[in-house]
Amino acid sequence: MAVHAPAVRPKAVRGPEPRPRRRRTGGYWVFLLPSAVLFTAVILVPFLMNIGISFTRWQGIGDPRWLGIDNYTRLFADERFWASFRNNLALIVAMAIVPTIVGLVLAATLFDYVGRKFGPRTAGTLRAAYYLPQVLPVAIAGIVWGWIMHPRYGALNAFLGLFGAEPRSWLGDPGWALPSVMLIMVWFQIGYPVVIFMAGLQRVDPALYEAAEMDGASWWRRFRHITIPQIRPEIYVVLLTCTIAALKVFGPIFVLTRGGPGGATLVPSYFSYQNFFEKANVGYGAAIATVLTLVIIVVTAFFLRIQDNEDGQS
């Protein structure tokens with residue numbers, strides 16, 4: 001009896017394995033080129049030129065005279081420079097800290113209470129009303145507030161006069177000028193955090209609020225344990241951008257007080273402007289602008305570092 005060996009199937013011959021495709025990234029640089037050119041021409045080159053001018057004495061015409069670090073030595077010994085930074089710290093409170101806190105409460109109220117009780121259209125209308133000062137030109141808003149706070153015919157003194165208060169020069173009194181500007185800047189800045197926070201709340205799951213409300217959580221507890229943790233990235237963004245805006249604020253100071261009275265509302269940006277254009281001391285003004293820019297860079301890096309640490313822990 002013949003025994004047949006089992007048939008052996010021939011092995012399939014595999015062709016060469018396809019090479020992994022390399023991701024072509026060179027094309028993306030084409031899209032980044034316009035912004036890189038604009039950044040170089042509008043920001044980087046002027047900033048480097050400003051640094052160079054800050055080491056010279058120059059009146060804007062003629063040839064600059066090299067001084068080395070004399071402008072910076074003079075700057076750090078200048079009491080007006082340090083006073084301008086103290087005023088800037090007050091404006092950070094008025095333009096960053098207070099609007100962030102108030103804007104967070106307003107946004108949570110509009111989203112978690114007004115929107116649910118009166119509808120999203122009512123909440124949207126109120127949000128637009130809060131944002132209206134951001135749309136107004138700074139010059140127009142400053143002129144209107146100058147009329148409101150005028151010592152003789154201002155609406156604020158007329159209103160307070162109904163209660164027997166004496167008229168006051170709100171923007172002309174050294175003791176009241178800075179608080180008055182701070183109040184105006186809170187009004188001017190409040191709409192930006194409200195819009196950003198309400199946009200952030202749109203991505204929060206409504207089931208979280210519904211479950212917390214069914215468990216008997218009050219509005220404050222929902223605000224503390226749901227709203228704030230969920231929109232923490234937006235809080236960092238608002239604090240950073242508003243702090244930068246406060247550090248480089250110029251328009252409202254120029255329109256309202258011109259840094260007066262007696263330097264009571266002087267800020268570094270306007271102090272630099274005075275030396276650039278009013279005193280024709282371009283080198284000293286460039287030194288002020290350079291220090292202010294470096295402070296803004298350090299503050300930005302500080303905020304980004306904190307945010308990265310928070311993201312790493314979460």
Side-chain angles (χ1 to χ4, degrees), residues 80 82-110 126-198 235 238-271 273 299:
R80 284 173 59 84
W82 294 110
S84 69
F85 261 107
R86 288 194 295 269
N87 295 336
N88 221 330
L89 292 176
L91 289 179
I92 289 176
V93 174
M95 296 181 64
I97 298 177
V98 173
T100 299
I101 296 173
V102 177
L104 186 58
V105 174
L106 288 175
T109 303
L110 292 176
L126 293 175
R127 176 181 58 188
Y130 287 125
Y131 192 73
L132 181 61
Q134 290 279 314
V135 180
L136 295 176
V138 174
I140 295 177
I143 292 173
V144 171
W145 273 103
W147 291 342
I148 293 174
M149 293 187 169
H150 196 277
R152 291 195 303 271
Y153 52 78
L156 181 58
N157 279 331
F159 175 75
L160 296 177
L162 299 176
F163 303 95
E166 294 293 330
R168 187 181 300 275
S169 180
W170 299 99
L171 297 174
D173 187 341
W176 285 96
L178 184 59
S180 299
V181 172
M182 291 174 64
L183 178 65
I184 295 172
M185 296 314 299
V186 170
W187 169 85
F188 187 81
Q189 198 76 6
I190 198 70
Y192 171 70
V194 171
V195 171
I196 297 298
F197 292 150
M198 287 196 70
I235 295 175
V238 168
L239 278 174
L240 174 59
T241 53
C242 290
T243 300
I244 293 175
L247 286 171
K248 62 187 185 68
V249 63
F250 175 81
I253 301 297
F254 180 83
V255 175
L256 290 169
T257 62
R258 301 292 179 96
T265 59
L266 185 66
V267 292
S269 60
Y270 191 79
F271 191 32
Y273 167 84
V299 170

Q | Phe197 to Val238 - nearest heavy-atom pair and separation | A | CE2-CG2, 3.7 Å
(Q) Would you compute the distance between atom CE of Met198 and atom OH of Tyr131 and round it to the nearest 0.5 angstrom? (A) 14.0 Å
Q: Taking all heavy atoms of Pro261 and all of Pro174, pick out the closest pair and write down the distance.
A: CG-N, 3.6 Å
**Q.** Least distance between heavy atoms, Leu171 atom then Ala177 atom
**A.** O-CB, 3.9 Å
Q: Kindly say whether His150 contributes a backbone atom to a donor-acceptor pair with the side chain of Asn157 at under 3.5 angstrom?
A: yes
Q | Residues forming a side chain to side chain contact (heavy atoms under 4.5 Å, CB included) with Phe254, sequence neighbours excluded | A | Phe250, Arg258, Tyr270, Tyr273
(Q) If I compare all heavy atoms of Pro167 with all of Pro151, which pair ends up nearest, and what's the gap? (A) CB-O, 3.8 Å
Q | Non-hydrogen atoms of Val267 and Val249 that approach each other most closely | A | CG2-O, 3.7 Å
Show every donor-acceptor pair shorter than 3.5 Å between a side-chain atom in residues 83-101 and any protein atom, with sequence neighbours excluded, or say none if there are none.
residue, atom, partner, partner atom, Å
Ser84, OG, Phe81, O, 2.5
Arg86, NH2, Glu79, OE2, 2.7
Asn87, ND2, Ala83, O, 3.4
Asn87, ND2, Gly263, O, 3.4
Asn87, ND2, Ala264, O, 3.3
Asn87, ND2, Leu266, O, 2.9
Asn88, ND2, Leu247, O, 3.2
Thr100, OG1, Ala96, O, 2.5

Please list, one pair per line, the donor and acceptor atoms closer than 3.5 Å that link side chains of residues 178-193 to other protein atoms, with sequence neighbours excluded.
residue, atom, partner, partner atom, Å
Ser180, OG, Trp170, O, 3.2
Ser180, OG, Trp176, O, 2.7
Tyr192, OH, Thr241, OG1, 3.0

